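Below you'll find the structure, written out as structure tokens, and then a few comments.
Note that the coordinates shown come from a computational prediction; the quantities given were computed from them, not determined experimentally.
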Amino acid sequence: DDVDPSEPASECECVTHEALMCINGKSSYWPKCDPSQKKDVPNPPRPDGADRDYEFGDFCTQKWTDELNSMLNNPKVNMCSNTQKVAELLGQVTWETGYLSTQYQPLDDGAGLIHMIPENFEGNAEKMDSLFPGKNYAQKVKSMSEADKHKFFQDPENGWLSVAAWYKGGNAVFQHGCQGKDLFKEDYHTQTLCIKGDDESQPNRDQSLSEVQECMKQFPASCDDPDDDEETTTVVDEETTTAAAEATTTAADEATTST
């Protein structure tokens with residue numbers, strides 16, 4: 001039988017559920033991203049100038065982890081075994097999403113694991129269609145009301161594929177020669193430029209990358225079936241809830257970019 005190029009070639013685990021919860025636990029400012037976490041951090045207030053609150057959600061659950069691994073294993077991406085590039089991707093997404101806790105910025109109604117303003121929603125979905133055909137992503141976005149379009153990217157079956165579309169030549173940054181670049185092949189600083197449009201937040205993103213690398217090392221992935229989460233959740237909560245509040249508070253104006 002023919003192999004569908006849009007489907008993952010294998011089910012290798014690239015990132016563990018525990019690692020994602022560990023990453024979130026590094027922040028003492030942003031709330032938890034999985035119901036099983038014992039982390040008890042109140043939702044931060046709305047940003048200055050916003051007329052509504054952040055929308056927080058469970059964006060590091062096992063389902064979100066599975067979809068991340070599926071995306072990284074997909075032949076169009078094929079990054080599962082490249083631990084450094086996976087860490088860089090997660091370093092960027094961690095900063096973009098308030099440590100995996102939010103995918104909505106009330107200041108500009110932007111959304112996504114890579115924060116996009118609404119004007120870029122349909123273009124991103126069209127790139128998803130070109131990379132992963134057959135699901136009519138763009139049509140789904142177009143059919144949603146303006147008030148609900150951002151929710152498309154909060155669906156785990158869409159969220160990580162949206163990131164892949166941005167990284168695989170679909171970014172919407174017109175400076176720095178970013179157009180058409182495969183960001184998986186670029187250094188971390190270039191990724192920042194082609195996500196944010198500038199590098200003012202580079203020190204924060206460098207810190208989030210370091211934290212991601214720590215968590216991926218602490219909770220390594222394998223091609224074996226993931227272990228039951230129940231035994232490790234407590235360890236994640238106990239060992240990863242002490243990040244510097246200074247860096248994560250600065251993230252309040254991120255969660256995040258306006259590209």
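A donor-acceptor pair is defined here as one N or O able to donate and one able to accept, closer than 3.5 Å; such a pair exists between the side chain of Lys127 and the backbone of Lys168. With hydrogens and angles disregarded, no donor-acceptor distance shorter than 3.5 Å links the side chain of Asp148 to the backbone of Lys151. No side-chain donor-acceptor contact under 3.5 Å links Lys181 to the backbone of Gly169. Side chain of Ser70 to main chain of Asp66: no donor-acceptor pair is present (N/O by atom type, distance under 3.5 Å, no hydrogens or angles). One N or O on the side chain of Asn24 and one on the backbone of Pro31 form a donor-acceptor pair closer than 3.5 Å.
You'll find the side chain of Pro133 stays beyond 4.5 Å of the side chain of Met128, heavy atoms only. Side-chain contact between Tyr188 and Gln202 is present, with heavy atoms from C-beta onward closer than 4.5 Å. Between Val93 and Tyr99, every side-chain heavy-atom pair lies at or beyond the 4.5 Å cut-off. Contact of the Glu55 side chain with the Gln103 side chain is not registered, since no non-hydrogen atoms from C-beta on lie closer than 4.5 Å.
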Verdict with reasoning, Glu214 to Ile23, per side-chain contact (heavy atoms from CB on, under 4.5 Å): CA-CA 8 Å; Glu214 290 173 6; Ile23 292 165; over 6 Å; no

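The local environment of CD in Glu200 is sparse, with at most 12 non-hydrogen atoms from other residues, nucleotides or ligands closer than 6.0 Å.
With rounding to the nearest 0.5 angstrom, the CD atom of Gln179 is 9.0 Å from the SG atom of Cys194. Distance NZ/Lys32 to CG/Leu100: 15.0 Å, rounded to 0.5 Å. To the nearest 0.5 Å, atom CD of residue Glu88 and atom CG of residue Asp187 are 7.5 Å apart. Atom-to-atom distance recorded for Leu209:CG and Thr94:OG1 is 9.0 Å, nearest 0.5 angstrom.
A distance below 6.0 Å separates the ring centres of Trp30 and Tyr54. Checked against the 6.0 Å centroid criterion, the rings of Phe121 and Phe153 qualify as a close aromatic pair.
Under the rule for a side-chain contact (heavy atoms from CB on, under 4.5 Å), the partners of His176 that lie at least two apart in sequence or sit in another chain are Val173, Cys178, Leu193.
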Donor-acceptor list for residues 45-53 side chains, cut-off 3.5 Å, not counting sequence neighbours:
from	atom 1	to	atom 2	distance (Å)
Arg46	NE	Asp53	OD1	2.9
Arg46	NH1	Asp51	O	3.4
Arg46	NH2	Asp53	OD1	3.1
Arg52	NH1	Tyr104	OH	3.2
Arg52	NH1	Asp109	OD1	3.4

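Side-chain contact, Tyr167 with Gln191: a donor N or O sits under 3.5 Å from an acceptor N or O.
Between Cys22 and Cys215, a gap of under 2.5 Å is found separating the two SG atoms.
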